[in-house]
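Throughout, a chain's letter reflects where its sequence line sits, starting with A, and its residues are numbered from 1.
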Amino acid sequence: MGISRKLFDLIPNISIKNNDRLKILNKAGDIMGRPMPNRLIMGATAIVSQPLIDEHNKRVDKDTARASRNRTIGKIVAGTTVGCIVRGLIFKLINSCTNEDISVDRWNNLFTPRNTSTVEARMLPNRMRNYRTALSTIIAMLVMLETNVVFDLPLTNMISNALNSRDAKKRNKSQPGANQPPNADVKTKMLDTFNLTNGGKS
Amino acid sequence: MKFPPQVTKTADFIFQHFSKDIGSVLIWTTIVGWIASSAAQVCGIWRNPKYTKEQKSFMIPQEIGDAGVNILSFFAITMPLKKFANKLVKTGKIMPRKLMSQIVRHGDTQKIGSYDFDIPNLPYFHNSNMEKTYNSFHNFMSTTAAVTGGIVSSNIVTPLLRNRIASKKQNQTKLKLDFIENNLSNNAPVQQTVVNTPLSPLKPIDNSPFDKFKTHVMSI
């Protein structure tokens, strides 16, 4: 008897008795599986964990850690916003263009497969649901190859640059010399450290 | 209105190949999406003039690491978790009471929860209302496992690992840049001395390694 089998046997059997709870769970599964809510969940959890991990990265200096955190925030916000809009719209479009009545070619059955007669009638709703998800995921991926460059990238740069300049302003307030460029010469750094850049007047 | 045949052919192809199990589509589209997003972000960092060289030397490997580690952690965490959740449902370890009562009615009580039990392969699975209940619950478990695995792998494991990889890469780049910089600064004065030093007249080499051959030749 394998170890995995023995470990598996240790798990107790669980049954869900409450029908209402089961309905809620099934509904939750259905919603979480849709492309847009799925992206939203991933984005919401990412914004909580990833910036925190980046900011407390001890392997790099504080400035780099902050810049990396800001870029992560920008990337998550831009990626989630654009991703949700694109996926949501495409999922809606696919849903409205997969009407099961294919007697006449219309816009509302543009993406309806014509080979559904090969499938048993009782299996069709499940297969159609999977088909809609698969098709909208493929189209969303193709569209997002473009939107990654056209929308995500400038939006990420905009958000991270705004956060970086806000950080720089904060640092300037608390430490006057902290906002120096890393390649500033020693004289400038010294003058700034002793607050002599403005002629020694503090 | 007549649709172009390419559209209906593509729809038929997707329905035939991916509507039974959309797992592979989700995996491949996710992977392509990560790679594309990472490539775009690398371009963005590289072309952003507001980042210093040092920040770029960390953030570019961080982005590349993000895609690589995301793919690996997806296969290492999300997929096994999803498979495990599917196994729990398939064997009846976790299931709705409605489903259980139908299995009990057919006399398979002892098999419920055992490793080899396979609910969709039961002979009465398709005949009763079991299939719909099973599919809905299976979908819930599978999606929850995929989302949980995705959160753990993409939002916790990946950032930790990619930062580790990126800082290593940054150190390597730093060493390389320092080496190049040192070499450049060392070369400058050397060049000057070469120019300023007058050429010394040629002298015969006293302890040349070829001396023994010379004597040998001489003896001949």
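With a 4.5 Å cut-off on non-hydrogen atoms, A:Leu25 touches chain B through its backbone and its side chain both. Residue A:Thr147: no heavy atom, backbone or side chain, is found under 4.5 Å from chain B. If you measure heavy-atom distances from A:Arg132 to chain B, you find no contacts under 4.5 Å at all. For a residue to count as touching a neighbouring chain, one of its non-hydrogen atoms must lie under 4.5 Å from one of that chain's; by this rule A:Ile94 does not touch chain B. No part of A:Pro35 comes within reach of chain B, as not one of its non-hydrogen atoms sits under 4.5 angstrom from that chain. Neither the backbone nor the side chain of A:Val48 comes within less than 4.5 Å of any heavy atom of chain B. A:Asn109 touches chain B through backbone and side chain together, each having a heavy atom under 4.5 Å away. Heavy atoms of A:Met42 lying under 4.5 Å from chain B belong to its backbone as well as its side chain. For chain B, the nearby parts of A:Thr45 are the backbone and the side chain; heavy atoms of each come within less than 4.5 Å.
Put simply, the side chain of A:Phe8 reaches to within 4.5 Å of the side chain of B:Leu88, judged on heavy atoms. Taking the side chain as every heavy atom from C-beta outward, B:Phe58 and A:Arg59 never approach each other to under 4.5 Å. In this structure, B:Thr144 and A:Met32 have side chains that are in contact, with non-hydrogen atoms separated by less than 4.5 Å. A 4.5 Å side-chain heavy-atom check between A:Asn161 and B:Asn48 finds at least one atom pair inside the cut-off. Side-chain contact between A:Ser68 and B:Tyr51 is absent, with no heavy-atom pair separated by less than 4.5 Å. In this structure the side chain of B:Lys98 reaches within 4.5 angstrom of the side chain of A:Asn19, judged on heavy atoms. Two residues are said to be in side-chain contact when any heavy atoms from C-beta on lie closer than 4.5 Å; A:Met141 and B:Trp28 fail this criterion. Residues B:Phe15 and A:Met128 form a side-chain contact, since some pair of their non-hydrogen atoms from C-beta on lies under 4.5 Å apart.
For A:Ser49 (side chain) and B:Asn155 (main-chain N/O), a donor-acceptor pair under 3.5 Å exists by modelled atom type.
Residue A:Ile16 holds its CD1 atom at 7.0 Å from CD1 of B:Ile94, rounded to the nearest 0.5 Å. Note that the CG atom of A:Asp63 and the OG1 atom of B:Thr52 stand 8.0 Å from one another [nearest 0.5 Å]. In this structure, A:Asn26 CG and B:Phe140 CZ are separated by 8.0 Å, a value rounded to the nearest 0.5 Å. Rounding to the nearest 0.5 angstrom, the gap separating the CZ atom in A:Arg5 from the OG atom in B:Ser114 is 8.5 Å. The distance from the CG atom of A:Asn57 to the CG atom of B:Leu160 is 9.0 Å, given to the nearest 0.5 Å. From B:Thr8, atom OG1 reaches atom CG of A:Leu110 across 9.0 Å, with rounding to the nearest 0.5 Å.
For the pair A:Leu153 and B:Gly44, the tightest heavy-atom approach, listed with the atom from each and the gap, is CD1-CA, 3.7 Å. The nearest pair of heavy atoms linking B:Ala11 to A:Pro113 is O-CB, 3.9 Å. Of all non-hydrogen atoms in A:Gln50 and B:Pro159, the two that sit nearest each other are CG-CG, 3.7 Å.
By number of non-hydrogen pairs under 4.5 angstrom with chain A, the leading residue of B:Leu26, B:Thr30, B:Ile45, B:Asn135 is B:Ile45. Of the listed residues (B:Ser101, B:Pro96, B:Ala36), the greatest number of heavy-atom pairs within a distance under 4.5 Å of chain A belongs to B:Pro96. Between chain A and the options B:Lys168, B:Met100, B:Arg162, the largest number of non-hydrogen pairs under 4.5 Å is found for B:Arg162. The candidate with the highest count of non-hydrogen atom pairs below 4.5 Å against chain B, out of A:Thr133, A:Asp152, A:Thr116, is A:Thr116. Top candidate by heavy-atom pairs under 4.5 Å with chain B, chosen from A:Asn13, A:Asn115, A:Ile76, A:Val119, is A:Asn115. Ranking B:His138, B:Met95, B:Lys9 against chain A, the residue ahead of the rest is B:Met95, based on heavy-atom pairs under 4.5 Å. Heavy-atom pairs under 4.5 Å with chain A peak, among B:Met59, B:Gln16, B:Gln41, at B:Gln41. Here B:Ala40 is the residue among B:Ala40, B:Gly33, B:Cys43 with the most heavy-atom pairs under 4.5 Å with chain A.
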Go through the steps to decide whether A:Leu135 and B:Phe18 satisfy the test side chain to side chain contact (heavy atoms under 4.5 Å, CB included), and finish with yes or no.
CA-CA 9 Å; A:Leu135 184 63; B:Phe18 306 125; over 6 Å; no
Run the numbers on A:Ile14 and B:Lys93 for side chain to side chain contact (heavy atoms under 4.5 Å, CB included), then give the verdict.
CA-CA 6 Å; A:Ile14 300 164; B:Lys93 274 278 180 204; over 6 Å; no
Apply the test side chain to side chain contact (heavy atoms under 4.5 Å, CB included) to residues A:Asn164 and B:Lys50: give CA-CA distance (whole Å), side-chain angles for both, the deciding distance (0.1 Å), then the verdict.
CA-CA 9 Å; A:Asn164 283 339; B:Lys50 295 196 177 174; 5.8 Å; no
Quick one, A:Val60 with B:Gln55, criterion side chain to side chain contact (heavy atoms under 4.5 Å, CB included). Give me CA distance, side-chain angles, the key distance, then yes/no.
CA-CA 9 Å; A:Val60 288; B:Gln55 286 172 339; over 6 Å; no
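Between A:Asn130 and B:Ser19, the side chains place no donor N or O within less than 3.5 Å of an acceptor N or O (distance only, hydrogens not considered). Judged by distance alone, the side chains of A:Asp54 and B:Asn163 do bring a donor and an acceptor atom under 3.5 Å apart. Looking only at atom types and distance, the side chain of B:Glu54 has no donor-acceptor partner in the side chain of A:Thr64 under 3.5 Å away. Looking only at atom types and distance, the side chain of A:Asn126 has no donor-acceptor partner in the side chain of B:Asn139 under 3.5 Å away.
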